[in-house]
Amino acid sequence: MPNIVKGSNMGGLLRYLAGPGRANEHTDPKVLAGDIVTMAVYAGGIDVARATELARLLDSPRQTVLRGEPVLVTNYRRAHALIAEGKSRREAFDEATRDQNVWHASLSLDPKEGQLDPEVWGAIARRFMTQMGFVDREDDAPDVRWTAIHHGLTKNGGDHIHIAMSVVRPDGSLADVRRDHPRSQDAARVIEHEFGLKVLASREDRSTEQATRPDERARAERVGAPETDREALRRRVRGLALAAESEAEFVRELRGAGMVVRPRFAKGGTDEVVGYAVRMPAQNNARTGVAEKSVWYGGGQLAKDLTLSSMRGWTGWDTSADAEQAAVAEWSRSMTTRGGRSTAPSAMSEQDAIRQLGRWSTYMGTIPVGDRDAWAKAASQTAGLFAAASVRTETKPGPLDQVSRQLARAGQLPAHQRRPQQVHGQGMRAVARMLWSMQSEAASKVALAAALTECLLAIMDMLAERDRTQAAKTLAAHAHRSLTQVHMRAVGIDPTRATVPVTEVGSPPWAAARRSLAVINREDRELVENEVVTTSQGWQAKRIAMQGRPGTLQVDELGHVLGENARWSPGRTARAAAPLTPPSGAGKSGPTLPPPGPKPYPGYNPYGRERGRDQGPSR
């Protein structure tokens, strides 16, 4: 998983990489790969003093050929954003222009993949630089000065390396770093296959989204927010896009929900809106009390389906001339006034919503597998439903949000392959409004959650039939986890507390997972319920018999752990959600759901290991 950062201080970067790190996580730093001069002089262990020398070597082309001149790069998007905020054109462009003579990429493994030998990491680094076009070019351009450094694991336990490169080549020319983020994803895909690493499913399907950056997570921690601004905006924008009747109402609802929006007009006028940006309101630093300005995000920075053109395609907004004029007026109003009004809460009942969801599932069953446009719109609308439910029931991105994001990826389709409008399922808007207007975890009621899950089954079947079985299995994993937590809460289990594992046959967490799997596997729920009741009685009898016995972990009737110093036999303690995270690892077997239990959804084993991961690749 590549992550790219550009800067101007090569010495500071290398001293940090060879130093102790922010949490003393940097141990035994080594130079594993680099250009020919770097490897001849600095290969092997490195300390801060040698890192300072190496930094001078890497920066030497800029110092000698360009006489230390900066490599100035202008962020035009930021410049225009600053102009919209009232700064003069000159001030805006000066502030948006930075020296970017240092290119820094980290290549990370998932913690579950373990660690690689230094020789393998060195080969990966060289292959990555070749794929990026920085070395071994066919046009005989000289190789850049670069190095790859390996040290201790990340805070989350992931093995990784850092690549530091000077943008200035030895002949004074500049390395091409345009579109380096998508190019790095292409390079990572090649490396995953060549070196037998886990293949990122979203990258294979070209259904990625921009991932959360460390600085975004750090800001969330400073202001005491449970999620980053990007995560908060993505959930709210997607949910409101489906709930709104028109584009004008969408803008009003965003503002009514506390978000700040601004339009991007077509060149030459203000009568056509072609894009937008949105940000959360400013928040105070939890420690200092000083307000921290929030960051603007364009729709495409939230997700591919949340650009304005994409939303106009899948939401079914009113496209009449009057509606378009109202939308332009509302966008213009957002630039001069703060706040907005919210639509009155939906009067739709839960039973009406369940019936409407049933009709939606039936409709999706009639869509031909080859009709990519209809499936894309259906997946995007269903994603909006889960996003609305997530906002109202999850204080931070949880299982519902993960389902929403997976559905949105399934709905991604190039613009040239989409048909204008022809959006079905208008009844989904009413359901989305009902979910959005809920003010508690009432939206997590079992029957409603099961109806939402059943909407996924048609999409999962479609993905499997189109040879996207990995995407189908990942979606099944998220759906299983989401519905299991709903069943847990329904009986009083707190998913945030330590419980016995869901693999503990007969335990309440197992019962929740079993009921969830029955929905995903389309089983007879009455038979499953009888099975759960019978098995649960045996578990409760065993629990009571073992109460107070030395060396056993004590749990209550819901499976919550009451002590942390002993083991619960024959399983072990675990967070309830832990066994339900999306499986990873190709072709490897893991613990399976103990009998009695169902035959899993085709190709999906919620307790095994499968290839791919569920998050965007850039981290």
Side-chain angles (χ1 to χ4, degrees), residues 1-19 29 31-39 42 46 51-66 68-78 96-108 121-137 139 141-151 160-191 210-211 213-215 617-619:
M1 293 180 285
N3 184 52
I4 296 171
V5 179
K6 298 164 189 171
S8 59
N9 187 351
M10 182 69 78
L13 171 61
L14 263 63
R15 283 190 292 272
Y16 168 73
L17 296 178
V31 173
L32 303 180
D35 61 83
I36 186 170
V37 179
T38 293
M39 293 305 292
Y42 294 99
I46 188 170
T52 301
E53 297 174 4
L54 176 56
R56 294 194 190 102
L57 172 64
L58 299 184
D59 194 39
S60 59
R62 185 175 71 93
Q63 296 295 336
T64 57
V65 183
L66 300 186
E69 288 295 317
V71 178
L72 298 179
V73 178
T74 299
N75 185 331
Y76 288 92
R77 177 177 292 176
R78 175 163 174 73
T97 301
R98 293 285 184 272
D99 179 11
Q100 294 183 356
N101 66 78
V102 177
W103 191 86
H104 170 212
S106 61
L107 304 181
S108 303
W121 267 127
I124 287 175
R126 288 187 289 273
R127 188 73 174 99
F128 180 77
M129 293 295 284
T130 302
Q131 283 295 118
M132 291 295 293
F134 297 144
V135 300
D136 299 330
R137 292 177 59 89
D139 59 4
D143 292 350
V144 296
R145 290 269 189 253
W146 68 283
T147 186
I149 295 178
H150 180 272
H151 49 222
H160 66 290
I161 61 171
H162 292 266
I163 296 175
M165 177 191 88
S166 173
V167 173
V168 182
R169 294 195 186 99
D171 64 354
S173 62
L174 301 182
D176 182 10
V177 296
R178 292 174 299 177
R179 300 188 71 255
D180 51 356
H181 288 276
R183 285 162 54 195
S184 71
Q185 300 302 332
D186 291 338
R189 184 172 58 253
V190 171
I191 289 170
Q210 291 200 24
R213 301 192 307 267
D215 60 309
S618 297
R619 287 177 174 80

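Nothing here was measured: the structure is a model prediction, and the numbers come from that model.
Under the rule for a salt bridge (charged side-chain N to carboxylate O under 4.0 Å, His left out), the partners of D176 that lie at least two apart in sequence or sit in another chain are R178. Partners of F128 according to the ring-ring contact (aromatic ring centres under 6.0 Å, His included) rule, which considers only residues two or more places apart in sequence or in another chain, do not exist here. Listed by chain and number, the residues in a salt bridge (charged side-chain N to carboxylate O under 4.0 Å, His left out) with R56 amount to none (sequence neighbours excluded). In terms of the side chain to side chain donor-acceptor pair (under 3.5 Å) criterion, N75 has no residue partners (sequence neighbours excluded). Qualifying side chain to side chain donor-acceptor pair (under 3.5 Å) partners for Y16, counting only residues two or more places apart in sequence or in other chains: R22. Remark: Q131 pairs with R127 by the side chain to side chain donor-acceptor pair (under 3.5 Å) rule, at least two apart or across chains. For D143, there are no salt bridge (charged side-chain N to carboxylate O under 4.0 Å, His left out) partners, not counting sequence neighbours. A search for side chain to side chain donor-acceptor pair (under 3.5 Å) contacts involving Q63 returns D59, not counting sequence neighbours. Judged as a salt bridge (charged side-chain N to carboxylate O under 4.0 Å, His left out), and not counting sequence neighbours, the contacts of D215 are R213. Scored by the ring-ring contact (aromatic ring centres under 6.0 Å, His included) test, H160 finds H151, H162 as partners (sequence neighbours excluded).
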Cut-off 3.5 Å, no hydrogens considered: what does the side-chain donor-acceptor table look like for residues 4-13, sequence neighbours left out?
{"unit_1": "K6", "atom_1": "NZ", "unit_2": "D180", "atom_2": "OD2", "d": "3.0"}
{"unit_1": "N9", "atom_1": "OD1", "unit_2": "G11", "atom_2": "N", "d": "3.3"}
{"unit_1": "N9", "atom_1": "OD1", "unit_2": "G12", "atom_2": "N", "d": "2.8"}

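Taking all atoms of both residues into account, the shortest heavy-atom contact from L58 to S166 is O-CB, 3.1 Å. Minimum heavy-atom separation, P61 to P170: CB-CA, 3.8 Å.
Salt bridge present: R189 and D186 bring a charged side-chain N and a carboxylate O closer than 4.0 Å.
Residues in residues 162-171 take part in no salt bridge (Lys or Arg N to Asp or Glu O under 4.0 Å) pair, two or more places apart or across chains.
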